[in-house]
Amino acid sequence: EKALEGYKGSISIVDVKSGEVLAMVSKPDFDLNALTPFITKKLFNEITESGAWLNRSIQGLYPPGSSFKLISLSALLRAHLINEHSTIFCEGSYRIGNRSFKCHYHQGHGLLNTIEAIQKSCNPFMFKFGLQLGPTLLYREACFYYLNVPTGIDLPYETNRLLIPSPDWKKDYMKETWSDGDTANMLIGQGYLLETPFKMTCFVAALAANKNVFVPYLVKPKTWTAETALPVSDWNILIRGMQKVGEGYFPKLSTAIKTG
C-alpha cells in the first residue's frame with residue numbers, strides 16, 4: 001500500500017504452490033469506515049471522481065504489454081520456430097508492409113539471441129519470428145493459458161470482459177480483415193488485447209510452475225488440474241531470459257521477471 005501511495009495501479013502477490021492470494025492492493029482506494037453508518041454525497045462524489053470504486057486488480061482492463069511476449073514466445077517454441085540459438089540484428093525498428101514498427105530501444109539492440117531478446121524485451125525479435133507464426137496459433141496459445149477467461153477468484157464483480165482477439169473476432173465485431181500489423185501488435189501485448197493485472201499475475205504464477213493454468217483463492221482453497229505448459233528444455237529458455245531481467249533489477253536475489 002505504501003509503494004502505491006499517490007499512484008493509480010495495483011499489486012498482487014500469490015503463493016505459486018498453493019494458489020493463496022497473499023496480498024492484493026488497488027489504488028486509489030477509500031476508507032471503509034468512512035461509509036458507516038452512511039455515505040455522504042460529498043464522499044460518494046470524491047470516490048467516484050478518483051476512480052476508487054474500481055478494483056483495478058480484477059476489474060481494470062488493459063493491454064498487458066510486453067508481459068504478453070511470454071505467450072508469444074511460448075507459441076514460437078511450441079511451433080519450433082525458435083530455439084535458444086535463434087538470432088536477430090535489432091536496428092531499432094522493423095518494417096511490416098508500408099509501416100515501420102519501433103523497438104522500445106530506438107537505437108537498436110544489435111545482435112540478439114532468444115535469451116537476450118527476453119532480457120531486453122526486443123520487439124523486432126517478436127516481429128521477425130511471430131509473423132511466421134500467425135494470429136491463429138497465437139490466439140490458441142493465449143487460450144491454452146486461459147487468458148480468455150476470468151481467474152475465478154472468490155471475490156465479487158471480477159470482470160469477464162477479457163479479450164483475446166482473433167481474425168474471426170475482428171471480422172465479426174469490427175467488420176474488418178486482420179492484418180500483419182494486428183499480429184505485430186498482439187505479439188507485443190498491444191492492439192485489441194485486454195487483460196486484468198491479476199489475470200497476468202495468475203498467468204505468470206502458472207508459468208513459474210510450468211503449468212497452463214493457476215487458480216487463485218482468497219479464503220477457500222480450490223482444487224484444479226493443469227497441463228504441463230512446455231517441454232522442460234523450452235520452459236528453461238523462458239525462465240533463463242526472465243532470470244536475466246531479474247539480475248538487472250535485483251542482483252543479490254534469485255528472481256524471474258518480465259516487465260510489461
Side-chain angles (χ1 to χ4, degrees), residues 63-96 100-145 147 164 180-191 193 195 200 203-212 227-251 253-260:
S66 290
S67 53
F68 189 84
K69 288 176 182 175
L70 296 171
I71 295 285
S72 304
L73 289 159
S74 178
L76 288 168
L77 288 163
R78 194 181 309 280
H80 306 294
L81 288 172
I82 62 170
N83 56 44
E84 64 180 310
H85 304 297
S86 301
T87 58
I88 185 177
F89 190 90
C90 171
E91 298 178 342
S93 64
Y94 194 87
R95 194 80 177 174
I96 301 174
S100 181
F101 285 73
K102 300 290 185 183
C103 188
H104 70 90
Y105 190 64
H106 292 173
Q107 297 95 318
H109 290 113
L111 188 63
L112 291 169
N113 61 28
T114 303
I115 303 295
E116 293 165 332
I118 298 171
Q119 177 187 3
K120 298 178 180 179
S121 201
C122 179
N123 289 349
F125 184 94
M126 306 307 306
F127 300 147
K128 175 183 177 180
F129 297 103
L131 288 173
Q132 300 173 46
L133 180 77
T136 300
L137 290 181
L138 189 56
Y139 170 82
R140 289 177 184 172
E141 194 73 9
C143 293
F144 172 70
Y145 286 101
L147 287 189
I164 302 297
D180 283 345
D182 292 325
T183 302
N185 280 326
M186 187 171 173
L187 284 163
I188 60 172
Q190 302 293 345
L193 279 164
E195 296 291 336
M200 295 307 292
F203 158 64
V204 176
L207 189 65
N210 195 17
K211 299 296 182 182
N212 72 320
E227 297 179 45
T228 299
L230 289 166
V232 173
S233 58
D234 288 342
W235 177 76
N236 278 332
I237 293 171
L238 294 183
I239 298 303
R240 281 164 52 204
M242 294 172 72
Q243 287 172 332
K244 287 290 186 182
V245 179
E247 290 169 8
Y249 287 101
F250 307 107
L253 293 176
S254 176
T255 60
I257 293 173
K258 183 69 198 80
T259 55

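No hydrogens, no waters, no symmetry mates; every other heavy atom, side chains included, goes into these values.
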Student: Not counting sequence neighbours, list each pair that qualifies as a salt bridge (Lys or Arg N to Asp or Glu O under 4.0 Å) and has a residue in residues 75-95.
Tutor: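 Counting only pairs at least two positions apart or across chains, the salt bridge (Lys or Arg N to Asp or Glu O under 4.0 Å) contacts touching residues 75-95 are R78-E141, E84-R240.
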Student: Quick one: sort the F127 and Y94 rings into parallel, tilted or perpendicular, breaks at 30° and 60°.
Tutor: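 Geometry flag for Y94 against F127: tilted rings.
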Student: Look at the rings of F129 and F125 and say which category their plane angle falls in: under 30° parallel, 30 to 60° tilted, over 60° perpendicular.
Tutor: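 Judged by the thresholds at 30° and 60°, the geometry between F129 and F125 is tilted.
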Student: Quick check for you: to the nearest 0.5 Å, what is the distance between D182 atom CG and L138 atom CG?
Tutor: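 Those atoms lie 11.5 Å apart.
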Student: How close do L133 and A79 get, heavy atom to heavy atom, and via which atoms?
Tutor: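 Here L133 and A79 meet closest at CD1-CB, 3.9 Å.
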Student: Taking all atoms of both residues into account, what is the closest heavy-atom pair of G189 and P63, and its distance?
Tutor: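 Where G189 meets P63 most closely, the heavy atoms are O-CB, 3.4 Å.
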Student: How about NE2 on H80, more than 12 heavy atoms from neighbouring residues, nucleotides or ligands closer than 6.0 Å, or not?
Tutor: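 No, not enclosed.
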Student: Test I188 against K69 for side-chain contact (heavy atoms from CB on, under 4.5 Å), laying out the working first.
Tutor: CA-CA 5 Å; I188 60 172; K69 288 176 182 175; 3.6 Å; yes
Student: Can you tell me how far CD of Q190 sits from CZ of F101, rounded to the nearest 0.5 angstrom?
Tutor: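 The distance works out to 11.0 Å.
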Student: Hey, does the side chain of N123 reach the backbone of S93 with a donor-acceptor pair shorter than 3.5 angstrom?
Tutor: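 No, the answer is negative, given that no donor and acceptor are paired below the 3.5 Å cut-off.
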Student: Is there a side-chain contact between T255 and M242 (heavy atoms, below 4.5 Å)?
Tutor: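 T255 does not reach M242 side chain to side chain.
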Student: So L193 and I164, do their side chains get closer than 4.5 Å, heavy atoms only?
Tutor: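 Yes; the side chains approach each other to less than 4.5 Å.
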Student: Could you walk me through whether Y145 and S74 pass the side-chain hydrogen bond (donor to acceptor under 3.5 Å, both in side chains) check?
Tutor: CA-CA 10 Å; Y145 286 101; S74 178; 2.9 Å; yes
Student: Can you see which heavy atom on A229 is nearest to which on F144, and at what distance?
Tutor: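 Reported closest heavy-atom pair: O-CE2, 3.8 Å.
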Student: How many angstroms lie between OG1 in T183 and CE in M126, if you round to the nearest 0.5 Å?
Tutor: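 Rounded to the nearest 0.5 Å, the OG1-CE separation comes out at 12.0 Å.
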Student: Are the side chain of W235 and the backbone of L207 linked by a donor-acceptor contact shorter than 3.5 Å?
Tutor: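 Judged by distance alone, yes, a pair lies under 3.5 Å.
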Student: Within this structure, what is the CD1-NZ distance for the pair I118 and K244, rounded to the nearest 0.5 Å?
Tutor: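 Rounded to the nearest 0.5 Å, the CD1-NZ separation comes to 11.5 Å.
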Student: Is the shortest side-chain heavy-atom distance between H104 and H109 below 4.5 Å?
Tutor: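 The answer is yes; the side chains approach within 4.5 Å.
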Student: Looking at L137 and A75, what are the two nearest heavy atoms and their distance?
Tutor: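 For L137 and A75, the tightest heavy-atom pair comes out as O-CB, 4.4 Å.
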Student: Just by distance, do the side chain of S72 and the backbone of L187 share a donor-acceptor pair under 3.5 Å?
Tutor: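 Indeed, once roles are kept as given, a pair shorter than 3.5 Å links the two residues.
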Student: Could you report the tightest heavy-atom contact between I237 and I115, atom names first, then the distance?
Tutor: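 Heavy atoms of I237 and I115 come nearest at O-CD1, 3.4 Å.
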Student: What distance separates T259 OG1 from Q119 CD, expressed to the nearest 0.5 Å?
Tutor: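 It is 11.0 Å, given to the nearest 0.5 Å.
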Student: Distance from T228 atom OG1 to N212 atom CG, nearest 0.5 Å?
Tutor: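 Answer rounded to 0.5 Å: 8.5 Å.
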Student: Hey, does F68 have a side-chain heavy atom less than 4.5 Å from the side chain of M186?
Tutor: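 Yes, at least one pair of side-chain atoms sits under 4.5 Å.
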Student: Mind listing the closest non-hydrogen atom pair of D234 and L77 along with its distance?
Tutor: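 Shortest heavy-atom separation between D234 and L77 comes out as O-CD1, 3.6 Å.
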Student: Does N83 reach the main-chain N or O of S86 with its side chain, forming a donor-acceptor pair under 3.5 Å?
Tutor: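 Present.
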Student: Tell me which pairs pass salt bridge (Lys or Arg N to Asp or Glu O under 4.0 Å) where either residue lies in residues 114-139, with sequence neighbours left out.
Tutor: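 Those involving residues 114-139 do not exist here.
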